[in-house]
Amino acid sequence: MSKKIMSLIMLMVLIASFGLVGCGKDAATTAKVLKVGTDAGFAPFEFQDEKSKEYVGFDVDLIKALGKQMGYEVQIQNMNFDGLIPGLEVNSIDVAIAGMTITDARSQKVNFTKPYYQSGLTIVVKNDNTAIKSFKDLEGKKIAVQIGTTGATEAKKIKDAQVREFNNAPEAFMELKAGGVDAVVNDKPVNEYYIAKSGSKDAKAVGEPQQAEEYGIAVAKKNTELAGKLDKALEEIKKNGEYEKIYVKWFGKKPGN
Ligand code: ARG
């Protein structure tokens, strides 16, 4: 056989096999992928399991349940909290779920689903601190917050406070433990979880929740279709008991109690 014919045959075989690979792939990947961004330093909403190294938490279970309901395979990406909205804007992620409070400023940039969790801000101080009991007592104090959060925005409004911003909530708590700041301003359920799990000997939460905050799942501004699908799925898993199951798993009580 001439070299020319040989290479022609090889070329045909190659083309044919590409075709086959193409078909196989189509069949295997009919499950659509939902690229989900989160900031996994926010227990019990999203954090990395120490043993399995998997991302776990209320938000993680929730988005997996919603994905399943909508027929999507969920892929989780861990990133900085302040990178989530930019990530949606450039389409590197489809969805952000990260205990993200629905605010007017954020609603200018992204679409939020209906609220899925009621939250608010509280203060964490060292156990032996008797001077700080409320937000009023934070005037002139050193406060640690996570960058880009509602806690950071609120702390900056406090008169004469020195606000130090950290990449994630665990770093802010570490700074309090190390004595670098007087207080941390952060979301109530996360503060409570932190104190219960790790810091009960050295830290306590004080102050009435600063204001009602509601968490929403964010998608790109243009993506109203996906927001609609998520809302529908959220309603469905609230009806079929799946939402309540996940809520009880992470908070030890039923929603609304
Ligand atoms: N709820 C607050 C906010 O929206 C804090 C959220 C921080 N989330 C996180 N995964 N670190 O600003």
Side-chain angles (χ1 to χ4, degrees), residues 35-49 54-64 66 74 76-89 92-124 135 143-158 163-176 183-195 197-199 205 207-219 246-247 250-251:
K35 284 181 284 167
V36 175
T38 192
D39 165 30
F42 207 61
F45 292 92
E46 45 266 337
F47 56 109
Q48 204 168 15
D49 183 81
E54 304 232 348
Y55 298 122
V56 295
F58 178 77
D59 284 350
V60 175
D61 283 347
L62 183 66
I63 197 66
K64 282 185 181 162
L66 293 173
V74 165
I76 304 221
Q77 268 178 55
N78 191 21
M79 45 208 284
N80 278 345
F81 185 75
D82 63 348
L84 291 169
I85 290 181
L88 290 171
E89 289 175 326
S92 62
I93 49 172
D94 302 312
V95 163
I97 186 163
M100 191 185 281
T101 304
I102 302 172
T103 66
D104 290 341
R106 288 173 185 159
S107 298
Q108 309 274 317
K109 298 182 183 161
V110 294
N111 253 315
F112 280 106
T113 59
K114 300 252 162 58
Y116 68 86
Y117 184 89
Q118 312 291 328
S119 193
L121 298 171
T122 57
I123 305 161
V124 181
F135 278 84
I143 308 170
V145 295
Q146 179 181 12
I147 193 162
T149 60
T150 48
T153 308
E154 283 309 310
K156 285 178 194 168
K157 291 181 191 161
I158 296 165
V163 179
R164 296 190 39 208
E165 298 182 277
F166 294 85
N167 268 328
N168 53 56
E171 279 177 24
F173 287 131
M174 246 148 63
E175 191 64 13
L176 175 70
V184 171
V185 172
N186 188 47
D187 298 40
K188 179 173 187 250
V190 174
N191 293 343
E192 282 171 356
Y193 193 90
Y194 166 74
I195 289 163
K197 288 286 166 189
S198 52
E208 278 306 300
Q210 174 72 338
Q211 63 197 38
E213 293 193 12
E214 294 181 315
Y215 294 167
I217 303 169
V219 305
I246 297 169
Y247 196 103
W250 290 104
F251 302 109

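For ligands, and for the atoms within them, numbers begin at 1 and follow the listed sequence. Just so it is clear, the values below take in all heavy atoms, side chains as well, and ignore hydrogens, waters and symmetry mates. Note that the coordinates shown come from a computational prediction; the quantities given were computed from them, not determined experimentally.
Looking from atom 11 (N) of ligand 1 to the surrounding protein, the closest heavy atom is D39 OD2, 2.8 Å. D187 OD2, 2.6 Å is the protein heavy atom nearest to atom 1 (N) of ligand 1. Looking only at protein heavy atoms, the nearest one to atom 6 (C) of ligand 1 is G99 O, 3.3 Å.
Closest of all the heavy-atom pairs between M79 and G87 is CE-CA, 4.5 Å. The nearest pair of heavy atoms linking R106 to T103 is N-OG1, 3.1 Å. In terms of heavy-atom proximity, A155 sits nearest to I143 at CB-CG2, 4.1 Å. Of all non-hydrogen atoms in F81 and G148, the two that sit nearest each other are CE2-O, 3.4 Å.
For R106, every heavy-atom contact with ligand 1 shorter than 4.0 Å involves the side chain, none the backbone.
Not a single heavy atom of A169 lies less than 4.0 angstrom from ligand 1. The closest approach between Y215 and ligand 1 falls below 4.0 Å for a heavy atom of the residue.
Among S119, A98, P170, G148, the residue whose heavy atom sits closest to atom 8 (N) of ligand 1 is A98.
Between the side chains of D39 and Q146, a donor-acceptor pair is found at a separation under 3.5 Å.
Those atoms of ligand 1 that come under 4.0 Å of a heavy atom in M100, given as number and element, are 4 (O). Of all atoms in ligand 1, listed by their number and element, those nearer than 4.0 Å to a heavy atom of E46 are 10 (N).
Taking the six-membered ring where tryptophan is involved, the planes of F45 and F251 are tilted, since the angle between them lies from 30° to 60°.
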Under 3.5 Å, sequence neighbours excluded: what are the donor-acceptor pairs made by side chains of residues 56-63?
{"from": "D59", "atom 1": "OD1", "to": "Y116", "atom 2": "OH", "distance (Å)": "2.9"}
{"from": "D59", "atom 1": "OD2", "to": "G99", "atom 2": "N", "distance (Å)": "2.8"}
{"from": "D59", "atom 1": "OD2", "to": "Y116", "atom 2": "OH", "distance (Å)": "3.4"}
{"from": "D61", "atom 1": "OD2", "to": "K249", "atom 2": "NZ", "distance (Å)": "2.7"}
{"from": "D61", "atom 1": "OD2", "to": "W250", "atom 2": "NE1", "distance (Å)": "2.8"}

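Taking distance alone, with nitrogen or oxygen atoms compared against 3.5 Å, T150 approaches ligand 1 more closely than that limit.
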